[in-house]
Amino acid sequence: MPDYDFFSDEQLVKAARDGEDAAWEALLRRHGQRLLAFFTRMNGGDLGSAQAQWLNLWSELARQRPSLASGPRFSTTAFGQAVKISLAEAPVKRRLPNAEPSSLEMRSASLSAGLADLPPVERAALCLGYFDNLPFDEIGRILGCRSDEAKSLCATGYGHLDAVLGSDFLSVGL
C-alpha cells in the first residue's frame, strides 16, 4: 500500500474517488484538525456544535466522494462546504469567564465572543484569512466573490474586532 501521507491533495482525491479508503483517511488526517478549528471559531468556541458540524461536513464530503473534482484544491472544496454548514447556524453566545483579563482563558473567550458578533460572511472571511492563512483568491472562491472583496471582508471583520476588543488586544496578535 502506498504511503498516502506524501501524496498531494489532488492525488489523494483521485485515489479516494477510486475507492482507496486509506487515501480518504489521509485527507481526513491532513485537513481534519484545521476544519474542526474553523468550526470552533465560527461557533463562538462551542466545541459541541463545532464537532457536530465537522461530522456533518465529512459525511457530506464522503457522500460526494465518487464525484469530487480533482482540479480545484481539496481544501477549497472542504472549506467551501464548511462555510455553507457553519453559516446555516448562528453561533452560540457564551458568557465570558470570571478570569484575569489578560489570561489566556479570558483572551480566548473574548476573541470567540467578538467573532460570534461579526456578520457571518465577515466572520467566515476573517477565519479563513487570518486563522487558516488562505490566500484572498481562495477565500473569494469559497465565498463566491472576487479576491478584492474577500480582502475587504477580512479587513472589515478585523476592524470590527479591533473596535470591540480594543487595539491593544489585537496588537498582541490574533
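The minimum heavy-atom distance between L118 and G157, with the atom names listed, is CD2-O, 3.8 Å. Nearest heavy-atom pair, C145 versus A150, reported as atom, atom and distance to 0.1 Å: SG-N, 3.8 Å. Of all non-hydrogen atoms in S110 and L165, the two that sit nearest each other are O-CD2, 3.5 Å. Between A124 and L143, the shortest heavy-atom distance links the atoms CB-CD2, 4.1 Å.
Side-chain contact between C127 and M42 is present, with at least one heavy-atom pair separated by less than 4.5 Å. Annotation: side chain of V83 is in contact with side chain of L128 (closest heavy-atom distance under 4.5 Å). Using a 4.5 Å heavy-atom threshold, the side chains of T76 and L134 count as separate. Side-chain atoms of E122 and P119, non-hydrogen and from C-beta on, do get closer than 4.5 Å to each other. Contact of the V121 side chain with the L153 side chain is registered, since non-hydrogen atoms from C-beta on lie closer than 4.5 Å. Side-chain contact check for W54 versus I85: every heavy-atom pair is 4.5 Å or farther apart. W24 has its side chain out of reach of L12: every pair of non-hydrogen atoms, C-beta onward, lies at least 4.5 Å apart. Side-chain contact between D9 and R73: absent, with no pair of heavy atoms (C-beta onward) separated by less than 4.5 Å.
Using modelled atom types, no side-chain atom of N56 and backbone atom of A52 make a donor-acceptor pair closer than 3.5 Å. No donor-acceptor pair closer than 3.5 Å links the side chain of R41 to the backbone N or O of S112. R146 contributes no side-chain N or O that, together with a main-chain N or O of G140, makes up a donor-acceptor pair within less than 3.5 Å. A donor-acceptor contact shorter than 3.5 Å links the side chain of Q11 to the backbone of S8. Of the possible donor and acceptor atoms, none in the side chain of S152 sits under 3.5 Å from a partner among the backbone N and O of D148. Using modelled atom types, no side-chain atom of R123 and backbone atom of D117 make a donor-acceptor pair closer than 3.5 Å. The backbone N or O of D46 lies less than 3.5 Å from no partner atom in the side chain of S49, so there is not a single donor-acceptor pair.
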Side chain to side chain contact (heavy atoms under 4.5 Å, CB included) between F39 and L57: does it pass, once the steps are laid out? CA-CA 10 Å; F39 282 124; L57 169 69; 3.8 Å; yes
Before giving the answer on side-chain hydrogen bond (donor to acceptor under 3.5 Å, both in side chains), spell out for E138 and S75 the whole-Å C-alpha distance, their side-chain angles and the decisive distance to 0.1 Å. CA-CA 9 Å; E138 189 170 351; S75 64; 3.1 Å; yes
Between D18 and R65, does a salt bridge (charged side-chain N to carboxylate O under 4.0 Å, His left out) hold up when you go through it step by step? CA-CA 9 Å; D18 293 342; R65 180 175 156 180; over 6 Å; no
Please step through side-chain hydrogen bond (donor to acceptor under 3.5 Å, both in side chains) for the pair E25 and Y4, ending with a clear verdict. CA-CA 9 Å; E25 291 168 10; Y4 287 116; over 6 Å; no
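For H31, the ring pair (Phe, Tyr, Trp, His ring centres under 6.0 Å) partners are F74, not counting sequence neighbours. Remark: N133 pairs with no residue by the side chain to side chain contact (heavy atoms under 4.5 Å, CB included) rule, at least two apart or across chains.
We find the OH-SG distance between Y130 and C154 to be 6.0 Å, quoted to the nearest 0.5 Å. Interatomic distance, CG of L111 versus CG of L161, reported as 6.5 Å (0.5 Å rounding). Note that CG of D132 and CG of L126 are 10.5 Å apart. Values are rounded to the nearest 0.5 Å. With rounding to the nearest 0.5 Å, the separation of CG in L61 from CG in L28 is 10.0 Å. A distance of 10.5 Å separates CG in L36 from CD in Q53, rounded to the nearest 0.5 Å. Atom OG1 of T156 is separated from atom NZ of K151 by 12.0 Å, given to the nearest 0.5 angstrom.
Checked against the 6.0 Å centroid threshold, F38 and F79 count as a close aromatic pair.
Heavy atoms from other residues, nucleotides or ligands lying under 6.0 Å from CD of Q64 number more than 12.
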